[in-house]
Amino acid sequence: MFRSQSTLATTTPPADAPSVGLVTTAPALSIVAPCYNEEAGVGELARRIRAVCASMALDDYEVVLVNDGSRDATWVRIQALVAEYPQMVGVNLSRNHGHQLALSAALAICQGERILIIDADLQDPPELLPRMMELMDAGADVVYGQRSERKGESAFKLLTAGVFYRFLSALTDVHIPVDTGDFRLMTRKALNVLLSMPEQHRFIRGMVSWIGMRQVPVAYVREARFAGTTKYPIRKMIRFAIDAITGFSVKPLRLASYAGAAFAAVGVAIMAHSLYDWWTNNAVPGWTSLMGVVLMMGSVQLLVLGVIGEYLGRLYIESKRRPLFVVESVMRHPPE
């Protein structure tokens, strides 16, 4: 029914990618979506994408759906879509690699001249594609969606997301627009620069911002999930935030140094006060004050070591030069 082949990939497409995908000419548009436990929504995603492309009279496109080690029937649904629609491409990763690496796999395999990144949960509307294409026709290299409103999310999620993006913006030297996700349309030129970046801990929206070129926003309302539950619990959100900060700023290292210097100054002041009390015979042995100083100094030391450890750990992982992901199989509709 369809062809498949296993391949190992990093950030660049395999040398034999055309034979794997059975594609002889590059499509005008690639739409890529990582999928993790999205069996209930991936069919609706495909339907809405096809409807949007039909409204634009666009036939020359592909939709790359990446199964990121799902535990449900997502891969079965993707296979069915590949069998039914010529534009569908199914990519099955060897295990769950996480959203950013699954997206990297889709970007490495897609072959379009323009590339739309979208999540499979349909919180980002495919119907915004015509407007994004217009802005790219006007000269933009990247058109990114900027959320004016976020529906279906808790007050805690909205608060933490808002604080995170503004905190990240204050830390980084590269301007990363606030209230944006990975939802964006890119030219092949911009994507080729992105694919040349080899880092393991990936924050793709920041990496795209680092590229520069002409990047313009388009405002939209982010809807609630079409089906399923969020794949970003608090633990993953924290990990994602750490990846973003350490990947685009060394200011935490400087802040750790400043904190160490500040607490060292406090320690010197306390020591001077203690010497003064001793000199004036007012020294009173006190366990509380002693433990307070010890705990204060110990805490800042551990804080500084923790920040240094985060950066050192990333250097260690990067030095291994392992592939970013392993693609078990790529499936396309058979040629007519």
Side-chain angles (χ1 to χ4, degrees), residues 8-13 30-38 45 64-71 74 91-110 115-121 123-124 142 144-145 147 157 160-161 164-165 168 171-172 174 176-186 190-211 215 222 225 228 230-249 310-311 313-315 317-318 320-328:
L8 178 69
T10 54
T11 53
T12 55
S30 291
I31 301 173
V32 301
C35 306
Y36 178 66
N37 292 346
E38 296 288 355
L45 172 68
V64 181
L65 303 175
V66 177
N67 177 44
D68 186 25
S70 298
R71 298 179 181 179
T74 297
V91 180
N92 192 31
L93 300 185
S94 63
R95 61 174 178 82
N96 177 251
H97 287 73
H99 180 273
Q100 297 293 282
L101 291 182
L103 177 54
S104 297
L107 294 173
I109 288 173
C110 73
I115 301 90
L116 176 68
I117 300 174
I118 190 169
D119 285 341
D121 55 18
Q123 289 187 277
D124 302 323
V142 177
Y144 58 87
R147 304 156 182 167
K157 179 67 179 290
T160 54
F164 163 69
Y165 283 113
L168 180 64
L171 283 180
T172 58
V174 176
I176 301 176
V178 299
D179 301 322
T180 61
D182 293 317
F183 181 44
R184 62 196 61 218
L185 181 68
M186 305 172 59
L191 177 61
N192 286 340
V193 178
L194 177 63
L195 293 178
S196 70
M197 301 181 188
E199 52 256 50
Q200 296 272 344
H201 293 275
R202 303 176 77 77
F203 181 61
I204 289 178
R205 66 201 68 170
M207 295 165 70
V208 174
S209 296
W210 181 92
I211 292 172
Q215 305 196 19
R222 193 170 200 239
R225 289 182 60 90
T230 180
K231 308 307 185 297
Y232 267 93
I234 185 66
R235 174 181 57 83
K236 287 189 176 181
M237 289 171 58
I238 293 173
R239 185 79 263 169
F240 187 61
I242 292 174
D243 286 345
I245 293 170
T246 56
F248 286 88
S249 177
E310 286 291 339
Y311 283 90
R314 279 155 175 73
L315 287 173
I317 292 173
E318 294 291 344
K320 294 183 177 184
R321 308 301 299 165
R322 290 175 179 168
L324 297 182
F325 49 82
V326 178
V327 176
E328 184 174 301

Peer 1: Can you name the residues that form a side chain to side chain contact (heavy atoms under 4.5 Å, CB included) with Ala33, not counting sequence neighbours?
Peer 2: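 Partners of Ala33 by the side chain to side chain contact (heavy atoms under 4.5 Å, CB included) criterion, ordered by chain and then number, come out as Leu45, Leu65, Ile118.
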Peer 1: Within the 4.5 Å heavy-atom criterion, are Val193 and Met207 side-chain neighbours or not?
Peer 2: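 No, every pair of side-chain atoms sits at 4.5 Å or beyond.
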Peer 1: Considering only heavy atoms from C-beta outward, does the side chain of Asn96 approach that of Arg71 to under 4.5 Å?
Peer 2: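 Not in contact.
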Peer 1: Using modelled atom types and a 3.5 Å cut-off, is there a donor and acceptor pairing between side-chain atoms of Gln215 and backbone atoms of Tyr144?
Peer 2: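 No, the answer is negative, given that no donor and acceptor are paired below the 3.5 Å cut-off.
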Peer 1: Could you tell me which residues satisfy side-chain hydrogen bond (donor to acceptor under 3.5 Å, both in side chains) with Asn67, sequence neighbours excluded, listed by chain and number?
Peer 2: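 Asn67: side-chain hydrogen bond (donor to acceptor under 3.5 Å, both in side chains) contacts with Ser70, Asn92.
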Peer 1: Compare all side-chain heavy atoms of Val64 with those of Val91 and state whether any distance is below 4.5 angstrom.
Peer 2: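 A side-chain contact under 4.5 Å exists here.
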Peer 1: Could you tell me whether the side chain of Asp68 and the main chain of Gly98 form a donor-acceptor pair under 3.5 Å?
Peer 2: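 Yes, because the side chain of Asp68 sits within donor-acceptor range (under 3.5 Å) of the backbone of Gly98.
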Peer 1: Looking only at non-hydrogen atoms, find the nearest pair between Phe183 and Asp124 and report the distance.
Peer 2: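 What the structure gives for the nearest pair is CB-OD2, 3.4 Å.
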Peer 1: Please identify which of these residues, Ile115, Val208, Val142, meets the side chain to side chain contact (heavy atoms under 4.5 Å, CB included) condition with Leu191.
Peer 2: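 Among Ile115, Val208, Val142, the one that satisfies the side chain to side chain contact (heavy atoms under 4.5 Å, CB included) with Leu191 is Ile115.
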Peer 1: What residues, two or more places apart in sequence or in another chain, satisfy side-chain hydrogen bond (donor to acceptor under 3.5 Å, both in side chains) together with Ser209?
Peer 2: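 Residues passing side-chain hydrogen bond (donor to acceptor under 3.5 Å, both in side chains) with Ser209: none at all.
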Peer 1: How long is the span from the CH2 atom in Trp210 to the CD1 atom in Ile204, to the nearest 0.5 Å?
Peer 2: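 Reported value, rounded in 0.5 Å steps: 15.0 Å.
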Peer 1: Calculate, to the nearest 0.5 Å, the distance between atoms SG and CE belonging to Cys110 and Met186 respectively.
Peer 2: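 Answer rounded to 0.5 Å: 9.0 Å.
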Peer 1: If every non-hydrogen atom of Leu93 is compared with every non-hydrogen atom of Val66, which pair is closest and at what distance?
Peer 2: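 Reported closest heavy-atom pair: CG-CG1, 3.7 Å.
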Peer 1: Who passes side chain to side chain contact (heavy atoms under 4.5 Å, CB included) against Arg95, sequence neighbours left out?
Peer 2: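 Per chain and number, Arg95 pairs via side chain to side chain contact (heavy atoms under 4.5 Å, CB included) with His97.
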Peer 1: Between Leu107 and Ile117, does a side-chain contact (heavy atoms from CB on, under 4.5 Å) hold up when you go through it step by step?
Peer 2: CA-CA 9 Å; Leu107 294 173; Ile117 300 174; 4.0 Å; yes
Peer 1: Who pairs with Asp119 by side-chain hydrogen bond (donor to acceptor under 3.5 Å, both in side chains), at least two apart in sequence or on another chain?
Peer 2: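 So Asp119 forms a side-chain hydrogen bond (donor to acceptor under 3.5 Å, both in side chains) with His99.
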